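Every chain is numbered from 1 and lettered A, B, ... according to where its sequence line falls, protein lines coming before strand lines. Quantities reported herein were computed from a predicted structural model and do not represent experimental measurements.
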There are 2 protein chains.
Amino acid sequence: MPEILRWHAQLSGAGVRATRKRVQVLEVLIAEPRPITARQLHAELLNRGEPIGLTTVYRAVSSLVDAGLVHAFTQAGEATYRVCGPTRHHHLICRSCGLVLEQTAEPRTDGFEVEAVYGVCAPCARRALPEQQRDQPHRPRP
Amino acid sequence: MPEILRWHAQLSGAGVRATRKRVQVLEVLIAEPRPITARQLHAELLNRGEPIGLTTVYRAVSSLVDAGLVHAFTQAGEATYRVCGPTRHHHLICRSCGLVLEQTAEPRTDGFEVEAVYGVCAPCARRALPEQQRDQPHRPRP
DNA sequence: CGCAGCTTGACAATGGTTTTCGTTTTCTAC
DNA sequence: GTAGAAAACGAAAACCATTGTCAAGCTGCG
Ligand SMILES: [Zn+2]
Ligand SMILES: [Zn+2]
Ligand SMILES: [Zn+2]
Ligand SMILES: [Zn+2]
């Protein structure tokens with residue numbers, strides 16, 4: 001099934017109309033490999049010459065999340081958004097570089113349904129110095 | 001080593017003085033099995049008849065996190081805090097009931113250094129209805 | 001005592017997100 | 001196409017957790 005058809009089907013299936021603005025927001029998200037914030041989304045749309053309000057961007061990503069096309073994360077204290085595939089998965093999210101990997105394997109640690117795993121990816125871990133690693137072990141907003 | 005001594009040692013080791021207010025904040029956190037927010041911490045201290053400013057609570061938890069006594073999480077869009085053991089570990093955090101489990105095993109998925117795993121714990125997963133599960137898969141702020 | 005430096009807290013500022021409310025667009029029925 | 005209803009849009013204001021400011025209080029040391 002072509003992706004464009006899946007998007008349309010999922011939107012209407014969730015009772016969300018495929019309006020011009022929502023499609024524009026979705027197009028920016030499709031072009032971005034990493035999660036981006038609502039403000040970045042807004043700036044990119046203005047760059048493309050598409051006038052849109054920041055409020056509308058927030059409502060658009062909310063609709064896209066409701067429809068299951070987009071997944072939301074929390075990075076450095078703010079919400080970020082990225083398009084995701086239709087199959088059940090969870091995420092590995094690097095708090096250093098922002099990389100997000102979709103994982104289809106089910107870890108099922110202690111009967112836990114995993115949704116998101118926050119940590120440091122291998123390249124960032126190699127780059128980090130040992131004392132920095134021990135400095136701020138689990139602070140959510142560095 | 002008794003815990004009280006470890007706390008004192010870790011505080012001075014991090015250059016953090018064991019002030020009256022900081023100890024009061026730590027005492028509330030020790031009594032709480034689940035992570036709580038700065039505002040809850042503040043309210044509990046006022047309940048106990050300990051006058052303290054909210055700003056001071058924020059600075060106290062920040063110091064305690066710096067000293068490694070307390071770990072910080074993000075739950076429902078706001079920071080929460082809980083005392084943690086001294087051994088290296090990561091966490092399983094249920095986004096439904098707020099339960100936090102310390103995990104000492106290293107999953108090392110794809111060379112990833114795991115810090116926090118967000119998901120739904122087994123009891124909450126059983127309680128949830130199927131359609132609810134699919135509704136909001138990864139929204140950080142429900 | 002007297003100073004220096006850390007701590008405290010009332011208040012203001014910040015900044016991401018949501019609400020409000022009036023206007024505009026889109027859908028449906030005729 | 002036209003009208004009327006429903007949904008979407010956007011500017012501004014409200015919201016709220018968190019942080020900055022700065023003056024007053026406390027602590028340890030000479
Ligand atoms: Zn996803
Ligand atoms: Zn990384
Ligand atoms: Zn911990
Ligand atoms: Zn739970």
Side-chain angles (χ1 to χ4, degrees), chain A residues 8 11-28 35-46 48-67 69-81 98 136 138-142, chain B residues 8 11-28 35-46 48-67 70 72-81 98 136 138-142:
Chain A
H8 200 279
L11 283 174
S12 58
V16 174
R17 295 210 291 232
T19 46
R20 168 195 301 269
K21 301 292 185 190
R22 285 209 265 255
V23 171
Q24 287 174 350
V25 168
L26 181 57
E27 282 170 351
V28 172
I36 58 177
T37 65
R39 195 166 293 274
Q40 290 173 311
L41 220 32
H42 183 232
E44 174 59 23
L45 283 165
L46 295 188
R48 298 187 180 192
E50 309 284 6
I52 191 173
L54 182 55
T55 310
T56 304
V57 174
Y58 275 105
R59 277 191 290 235
V61 289
S62 177
S63 299
L64 294 173
V65 169
D66 287 346
L69 292 178
V70 167
H71 284 169
F73 313 95
T74 299
Q75 293 180 302
E78 55 192 326
T80 60
Y81 307 92
Q136 318 276 344
H138 301 280
R139 188 190 287 272
R141 311 192 177 187
Chain B
H8 200 279
L11 283 174
S12 58
V16 174
R17 293 209 293 231
T19 330
R20 168 194 299 270
K21 300 292 183 190
R22 286 207 264 255
V23 172
Q24 287 174 349
V25 168
L26 181 57
E27 282 170 352
V28 172
I36 57 177
T37 65
R39 196 165 292 272
Q40 290 172 312
L41 220 32
H42 183 232
E44 174 59 23
L45 282 164
L46 295 188
R48 297 187 181 191
E50 310 284 6
I52 191 173
L54 181 56
T55 311
T56 304
V57 174
Y58 274 105
R59 276 190 294 237
V61 290
S62 177
S63 298
L64 295 173
V65 169
D66 287 345
V70 167
F73 312 95
T74 299
Q75 293 180 301
E78 56 192 325
T80 60
Y81 306 92
Q136 316 276 345
H138 301 281
R139 187 192 288 272
R141 311 191 175 187

Run the side chain to side chain donor-acceptor pair (under 3.5 Å) test against B:Glu27 and tell me which residues pass, sequence neighbours left out.
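Residues passing side chain to side chain donor-acceptor pair (under 3.5 Å) with B:Glu27: none at all.
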Sequence-distant partners of B:Glu50, side chain to side chain donor-acceptor pair (under 3.5 Å), two or more places apart:
B:Gln24
Would you mind reading off the distance between [X] atom [atom1] and [N] atom [atom2], rounded to a whole angstrom?
{"X": "B:Glu78", "N": "C:dG16", "atom1": "CD", "atom2": "C1'", "answer": "14 Å"}
{"X": "B:Gln24", "N": "C:dT8", "atom1": "CD", "atom2": "C1'", "answer": "12 Å"}
{"X": "B:Leu41", "N": "D:dT18", "atom1": "CG", "atom2": "C1'", "answer": "15 Å"}
{"X": "A:Arg39", "N": "C:dT18", "atom1": "CZ", "atom2": "P", "answer": "13 Å"}
{"X": "A:Leu11", "N": "C:dC27", "atom1": "CG", "atom2": "P", "answer": "13 Å"}

Partners passing salt bridge (charged side-chain N to carboxylate O under 4.0 Å, His left out) against B:Arg48 (at least two apart in sequence or in another chain):
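Testing B:Arg48 for salt bridge (charged side-chain N to carboxylate O under 4.0 Å, His left out), a comparison that skips the adjacent residues, returns B:Glu44.
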In 5'-to-3' order, the base (B), backbone-only (S) or no-contact (-) status of each nucleotide in nucleotides 5-12 of chain D, using a 4.0 angstrom heavy-atom cut-off, is --SSBBBB
Would you tell me if any nitrogen or oxygen in the side chain of B:Tyr58 comes within less than 4.0 Å of OP1 or OP2 on D:dT19?
no
Report the distance from atom [atom1] of [X] to atom [atom2] of [Y], rounding to the nearest 0.5 Å.
{"X": "B:Thr19", "Y": "B:Leu26", "atom1": "OG1", "atom2": "CG", "result": "11.5 Å"}
{"X": "B:Tyr58", "Y": "B:Arg39", "atom1": "OH", "atom2": "CZ", "result": "6.0 Å"}
{"X": "A:Ile36", "Y": "A:Thr80", "atom1": "CD1", "atom2": "OG1", "result": "9.0 Å"}

By side chain to side chain contact (heavy atoms under 4.5 Å, CB included), which residues pair with B:Ala43, not counting sequence neighbours?
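In terms of side chain to side chain contact (heavy atoms under 4.5 Å, CB included), with neighbours along the sequence ignored, B:Ala43 is linked to no residue.
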Please enumerate all residues that pass side chain to side chain contact (heavy atoms under 4.5 Å, CB included) together with B:Arg59, with sequence neighbours excluded.
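Only B:Thr55, B:Thr56 meet the side chain to side chain contact (heavy atoms under 4.5 Å, CB included) criterion with B:Arg59.
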For the side chain of [X] and the backbone of [Y], is there at least one donor-acceptor N/O pair under 3.5 Å apart?
{"X": "A:Thr37", "Y": "A:Gln40", "result": "yes"}
{"X": "A:Arg22", "Y": "A:Arg17", "result": "yes"}
{"X": "A:Lys21", "Y": "A:Pro51", "result": "yes"}

Please give the angle, rounded to 10 degrees, between the axes at the start and the end of the helix from C:dC1-D:dG30 to C:dC30-D:dG1, where five pairs define each axis.
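The end-segment axes of the helix from C:dC1-D:dG30 to C:dC30-D:dG1 are tilted 20° relative to each other.
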Please produce a list of atom pairs where a protein N or O lies less than 3.5 Å from an N or O of nucleotides 2-4 of chain D.
none

